[in-house]
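Read the structure below first, then the notes.
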Amino acid sequence: MERRKFIKKTTLTSLAALIGTEIVFGSNMLKNYKPLALQETDPFKLFSLDSEMVVLNDKPWNIEAKAHLLDDKITPSSKMFIRNNGLIPTEIDEQNWTLTIDGESVKNKTTFTLNDLKTKFKEYTYQLTLECGGNGRSEFDPPAKGNQWTVGAVSCATWTGVRLKDVLEAVGIKNDAVYIGYHAADTHLSGDPSKEPISRGAPMSKALEDETLIAYKMNGKKIPVAHGFPLRLVAGGWPASVSGKWINRISIRNIEHDGTKMTGTAYRVPKFPVAPGEKVKDEDMKIIESMPVKSLITYPKSGAIIKKGDSLAIRGHAWAGDLEVAKMEYSIDFGATWHQASIEKPVNRLAWQHFSAKINFPKVGYYEVWARATDSNNIAQPMLLPGWNPKGYLNNACHRIAIKVK
Ligand SMILES: Nc1nc2c(c(=O)[nH]1)N[C@H]1C(S)=C(S)[C@@H](COP(=O)(O)O)O[C@H]1N2
Ligand SMILES: [Mo]
């Protein structure tokens, strides 16, 4: 009698991880059986999202938060933006997942299992700010193609893993190393397995920073599938596209990494100011590195109404790429005068910082509260849209909320 092929234990474990709980009668499932829960197409259920999250695109999934949803000091996955260039991998086998370190400038090409990484290297935990290079793109005029992010493509979660630096040092880095590039398990939109949706990286100096992690936990739990389960590169302060999700290979390169979306206009801005709408030659574009200083008022929600005589407590977060936020101010008169807000120190380098202020309004009427952060190099956010660029990157204009005093 022919034996029916039942699902393997390893597959069961990874299916359970995808679903988020044990599949109680899982051993009864036939091989290749896809649990209904994984056929879910509602992104709110699929990714356990807050009902106010905004879906910008469903193929690939691109989902953003609204400012007031980002009020938590540590962003929970239900309110964390999702930015995909391709299709999320569907068959993730955590037990057999490996990470290979190769490239022209590796001394000893090595493949690590997840368990190798966890047992051979010291574990670190940091809160790291990840902002999409295109956050704020929707304001550019003439418009820039791509997901029309407003303000919500930013997060600061707790990431746990090993230092990329420790892993690179263990395999040996040749003297001619200049860049690292990641490769991942997601699928190109065309379905063509020879094409990668994205393969970016960073210069050795960023790769070797203490806070650059190969992470296997987010907010103390396994990384949610949408955010890179089971293994993700996390390089806070740089465009989040550097933080490869579902990574299975990191190459130590002797040239600037030339993977998908490293070249041409992707994640690049003009080397000099250009007029809105101007065409810019590829050779006049440079790779975005540290993100500019920025802030977000997360409380109250824009449109709040307060009673005459009441003061208003506002709060939010500010971040400054590789730098720290040194000063936080607010204005209630469209930027004519600015007042000091208080700003906390970051929990660790590259974590966003929390600000707060108590505001009194002179009389009833309509106001806007504007927030402005200044970094440790004394560079402040612009009050309005900064330099136009072809792909609509790096909009760090002041965030504003509307308030009525009645
Ligand atoms: N493998 C892979 N990694 C990726 C991406 C992707 O499409 N595939 N998108 C990048 C981009 S552009 C951003 S902004 C962040 C988004 O991270 P999140 O979805 O966890 O918020 O992941 C980056 N890492
Ligand atoms: Mo991004």
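Any value given below was found using the heavy atoms of this structure, including those in side chains, with hydrogens, waters and symmetry copies removed. Every number for a ligand or one of its atoms is a count from 1 in the order of the listing.
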>> Under a 3.5 Å distance rule, please check whether D186 uses its side chain to pair with a backbone N or O of H188 as donor and acceptor.
In response: no
>> List ligand 1 atoms under 4.0 Å from G244, heavy atoms only on the residue side.
In response: 3 (N), 24 (N)
>> Ignoring hydrogens, what is the shortest heavy-atom contact between Y126 and E211? Give both atom names and the distance.
In response: CE1-CA, 3.7 Å
> Taking only heavy atoms of C132, which atoms of ligand 1 are found under 4.0 Å from at least one of them?
Replying inline: 14 (S)
> Should you measure from each heavy atom of W246, which atoms of ligand 1 turn up under 4.0 Å away?
Replying inline: 1 (N), 2 (C), 8 (N)
>> Under 4.0 Å from a heavy atom of I198: which atoms of ligand 1 are those, numbered in the order shown and with their elements?
In response: 2 (C), 5 (C), 6 (C), 7 (O), 8 (N)
> Do the side chain of N348 and the main chain of Q127 share a donor and acceptor less than 3.5 angstrom apart?
Replying inline: yes
> Strictly by modelled atom types, are K245 and N84 linked by a side-chain donor-acceptor pair under 3.5 Å?
Replying inline: yes
> Can you find an N or O of I82 that's nearer than 3.5 Å to an N or O of ligand 1?
Replying inline: no
> Does R232 approach ligand 1 within less than 4.0 angstrom via side chain, backbone, both or neither, non-hydrogen atoms only?
Replying inline: side chain
> For atom 16 (C) of ligand 1, which of M80, R83, E64, H227 has the closest heavy atom?
Replying inline: R83
>> At less than 4.0 angstrom from any non-hydrogen atom of N84, what atoms of ligand 1 do you find?
In response: 7 (O)
>> Judged on heavy-atom distance to atom 4 (C) of ligand 1, which of H183, E131, K245 sits nearest?
In response: K245
> Backbone, side chain, both or neither: what part of W149 comes under 4.0 angstrom of ligand 1, heavy atoms only?
Replying inline: neither
> Is it true that a side-chain atom of S295 and a backbone atom of H317 form a donor plus acceptor pair closer than 3.5 Å?
Replying inline: no
> Which protein heavy atom lies closest to atom 21 (O) of ligand 1, and at what distance to 0.1 Å?
Replying inline: F81 O, 2.7 Å
>> Just to verify, which of K118, E123, E94 counts as forming a side chain to side chain donor-acceptor pair (under 3.5 Å) with Y216?
In response: E123
>> Going by side-chain contact (heavy atoms from CB on, under 4.5 Å), V162 matches just one of F112, Y124, F121. Which one?
In response: F121
>> Tell me the closest heavy-atom pair linking I180 and L164, and the distance in Å.
In response: CD1-CD2, 4.1 Å
> Is there a heavy atom of L130 sitting under 4.0 angstrom from any atom of ligand 1?
Replying inline: no
>> Please list the nearest protein heavy atom to atom 2 (C) of ligand 1 with its residue and the distance rounded to 0.1 Å.
In response: D186 OD2, 3.4 Å
> Would N395 and E139 count as a side chain to side chain donor-acceptor pair (under 3.5 Å) if you check the C-alpha gap in whole Å, the side-chain angles of each, and the deciding distance to 0.1 Å?
Replying inline: CA-CA 8 Å; N395 175 4; E139 281 190 85; 3.1 Å; yes
> For ligand 1, which part of S241 has a heavy atom less than 4.0 Å away: the side chain, the backbone, both, or neither?
Replying inline: both
> Is a side-chain N or O of H399 found less than 3.5 angstrom from the main chain of I297, in a donor-acceptor match?
Replying inline: yes
> For S243, is the nearest heavy atom under 4.0 Å from an atom of ligand 1?
Replying inline: yes
> Are Y179 and H257 close enough that their ring centers fall under 6.0 Å?
Replying inline: no
> Relative to ligand 1, is N85 under 4.0 angstrom through side chain, backbone, both or neither, heavy atoms considered?
Replying inline: both
> Which heavy atom of the protein is the closest neighbour of atom 23 (C) of ligand 1, given with residue, atom name and distance?
Replying inline: A240 O, 3.2 Å
>> With a heavy-atom distance limit of 4.0 Å, tell me whether P197 approaches ligand 1 through its side chain, its backbone, both, or neither.
In response: neither
> Hey, which atoms in ligand 1 end up nearer than 4.0 Å to a heavy atom of Y267?
Replying inline: 12 (S)
> Taking only heavy atoms of A184, which atoms of ligand 1 are found under 4.0 Å from at least one of them?
Replying inline: 1 (N)
>> Any side-chain to backbone donor/acceptor pair from R200 onto K261? Under 3.5 Å, distance only.
In response: yes
